[in-house]
Amino acid sequence: MRILLLGKNGQVGWELQRSLAPLGELIALDRHSVDGLCGDLSDLEALRATIRQIKPDIIVNAAAYTAVDKAESDVELADRVNGEASRLLGEEAALLGALLVHYSTDYVFSGEGHRPWQETDAVAPVNRYGASKLAGEQAITVSGCKHLIFRTSWVYGARGNNFAKTMMRLAKDRETLSVIADQIGAPTGADLIADVTALTIRQVLQRPELSGLYHLAAAGEVSWHGYASYVIEFAQTNGEQLAVTTISAIDTTAYPTPARRPLNSRLNTQKLRDNFSLHLPDWQSGVIRMLREVLNK
Ligand code: NDP
């Protein structure tokens, strides 16, 4: 089994290097070319040539244009990386008879209401990043290739920057933090996403009828304010010296950004859990694990 992993150094890509390794021969690329192989999703023809050269049985695409605010002005590149490259991967996977695994986002939804989104709900992205990710998943669906598309939310990894680390850094110097309290979702570990990916790949290879679109997020829900409070309380209880005394809850409208964010990022994961007999742990257990790793506790 030959597996091509794209975006190997992103949060999810890094964890996939670990979780995919036991499944077969793993060829992992980032945006830089090595040995004549191109993993740059903005260079469509070189990417196509690379796939034809490698002839993978499985393509896992963890690369994406993820700079949500920048995508508002960098539309052409966001669309190429998230939309057109995904189309190309779908086309090439279909030609090879390969399985394509791809990641998308709750940002394909409007963010209205309070109900967790189901895979069958109407999409209506509120920003350019969401629109580009939607174009990517739709292109893969119509390509006719065997695929697993996982829409996820609020991804963090122990490696690299994440919201929890930023909150701890700010809490060291500031007495008051203001954090958005009206956006609700589930922080989801890159390690969980990578493990679920490996488990579902094994099953879909045996049962191709499981191919499709799935929502994948940790269980439970919280606001960014609740998440920040949880992280800071954990850090303080575990001996971190923080200056912060007040964590104020603010509305999204008090923190304007170039890209609008959906308020309701809840994802209903029933389909994934039922089809693959999986259990998804609550968001707190993964966050604690990441915090222990980061704080060395
Ligand atoms: P990261 O931003 O951590 O990783 C994305 C990776 O894509 C980076 O390594 C980046 O490389 C790479 N990349 C960007 N542009 C290109 C390009 N032109 N060619 C090749 N590689 C490129 O994202 P995550 O791991 O968090 O995200 C994984 C998936 O999950 C993505 O599909 C994302 O849309 C989705 N998702 C993420 C969420 C989140 O909160 N992060 C929420 C919901 C969905 P470089 O570092 O060199 O720029």
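Atoms within a ligand are numbered from 1 in the order they appear, just like the ligands themselves.
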**OP:** Assess Ala190 for proximity to ligand 1: is some non-hydrogen atom of it under 4.0 Å away?
**Re:** no
Subject >> Close N or O approach (Gly13, ligand 1; < 3.5 Å) >> reply: no
Subject >> Nitrogen or oxygen atoms of Lys133 and ligand 1 under 3.5 Å apart >> reply: yes
Original post:
Could a heavy atom of Ser104 be found less than 4.0 Å from some atom of ligand 1?
Top reply: yes
Subject >> Proximal ligand 1 atoms for Ser42, defined as those under 4.0 Å from one of its heavy atoms >> reply: 18 (N)
**OP:** Could you tell me whether Ser153 and ligand 1 have an N or O pair separated by under 3.5 Å?
**Re:** no
Subject >> Best match, Asn162, Ile149, Leu47, Val12: closest heavy atom to atom 28 (C) of ligand 1 >> reply: Val12
Original post:
Can we call the ring centroids of Phe163 and Tyr227 under 6.0 Å apart?
Top reply: yes
Subject >> Connected-component partners of Leu44 among ILVMFWY, side-chain separation under 4.5 Å >> reply: Leu4, Leu6, Ile27, Leu29, Val34, Leu37, Leu41, Leu47, Ile51, Ile54, Ile59, Tyr65, Leu77, Val81, Leu88, Leu89, Leu96, Leu100, Ile140, Ile149, Leu213
Subject >> Distance-only N or O hit between ligand 1 and Asp40, under 3.5 Å >> reply: yes
**OP:** Please identify which atoms of ligand 1 are closer than 4.0 Å to at least one heavy atom of Trp154.
**Re:** 40 (O), 42 (C)
Original post:
With no hydrogens and no angle check, do the side chains of Asp106 and Ser265 hold a donor and an acceptor under 3.5 Å apart?
Top reply: yes
**OP:** Run down the list Arg159, Arg151, His32, Gln11 and name the one with the heavy atom closest to atom 26 (O) of ligand 1.
**Re:** Gln11
**OP:** Consider ligand 1: state whether an atom of it lies below 4.0 angstrom from any non-hydrogen atom of Tyr129.
**Re:** yes
Subject >> Residues Tyr129 and Thr66: side-chain donor-acceptor under 3.5 angstrom >> reply: no
Original post:
Under 6.0 Å between the ring centres of Tyr230 and Trp283?
Top reply: yes
Subject >> Best match, Leu29, Asp106, Val155: closest heavy atom to atom 38 (C) of ligand 1 >> reply: Val155
**OP:** In plain terms, say whether Glu221 and Arg266 are close enough for a salt bridge, that is, a side-chain N and a carboxylate O under 4.0 Å apart.
**Re:** yes
**OP:** Could you tell me whether Tyr156 approaches ligand 1 through its side chain, its backbone, both or neither, with non-hydrogen atoms closer than 4.0 Å?
**Re:** neither
Original post:
Would you say the side-chain atoms of His215 and Asn268 include a donor-acceptor pair closer than 3.5 Å?
Top reply: no
Original post:
Should Arg87 and Glu84 count as an ion pair when the cut-off is N to O under 4.0 Å?
Top reply: no
Original post:
Is Glu25 paired with Arg2 through a side-chain N to carboxylate O contact shorter than 4.0 Å?
Top reply: yes
Original post:
Are any of the N/O atoms in Arg31 less than 3.5 Å from those in ligand 1?
Top reply: yes
Original post:
Counting both backbone and side chain atoms, is some N or O of Gly7 under 3.5 Å from an N or O of ligand 1?
Top reply: no
Subject >> Atoms of ligand 1 close to Thr152 [distance to a heavy atom under 4.0 angstrom, numbered from 1] >> reply: 43 (C), 44 (C)
**OP:** Could you tell me the residue and atom name of the protein heavy atom closest to atom 21 (N) of ligand 1, and the distance to it rounded to 0.1 Å?
**Re:** Ala63 CB, 3.5 Å
Original post:
Charged N to carboxylate O below 4.0 Å: is that the case for Arg80 and Glu76?
Top reply: yes
**OP:** Give the residue and atom name of whichever protein heavy atom lies nearest to atom 9 (O) of ligand 1, and the separation in Å to one decimal.
**Re:** Gly10 N, 3.1 Å
Original post:
Does any donor atom in the side chain of Asp40 or Ser42 lie under 3.5 Å from an acceptor atom in the other side chain?
Top reply: yes
Subject >> Salt-bridge present (Arg128, Asp74; N to O < 4.0 Å) >> reply: no
Subject >> ligand 1-proximal atoms of His102, by part, heavy-atom distance under 4.0 Å >> reply: neither
**OP:** Check whether the side chains of Thr245 and Glu175 place a donor and an acceptor atom closer than 3.5 Å, and report yes or no.
**Re:** no
Subject >> Proximal atoms of ligand 1 relative to Asn9 (non-hydrogen, under 4.0 Å) >> reply: 9 (O)
Original post:
Are any of the N/O atoms in Val81 less than 3.5 Å from those in ligand 1?
Top reply: no
Original post:
atom 4 (O) of ligand 1: protein heavy atom closer than 4.0 Å?
Top reply: yes
**OP:** Just jot down the ligand 1 atoms closer than 4.0 angstrom to any heavy atom of Tyr103, in number order.
**Re:** 29 (C), 30 (O), 32 (O)
Original post:
Is the closest basic N to carboxylate O distance between Arg289 and Asp191 below 4.0 Å?
Top reply: yes
**OP:** Indicate, as side chain, backbone, both or neither, the part of Thr66 found under 4.0 angstrom from ligand 1 when only non-hydrogen atoms are considered.
**Re:** side chain
Original post:
Mind checking whether Leu41 has an N or O less than 3.5 Å away from an N or O of ligand 1?
Top reply: yes
**OP:** Examine the side chains of Gln183 and Thr252 and answer whether a donor and an acceptor come within less than 3.5 Å of each other.
**Re:** yes
Original post:
To which of Ala64, Gly39, Cys38 does the heavy atom nearest atom 20 (C) of ligand 1 belong?
Top reply: Gly39
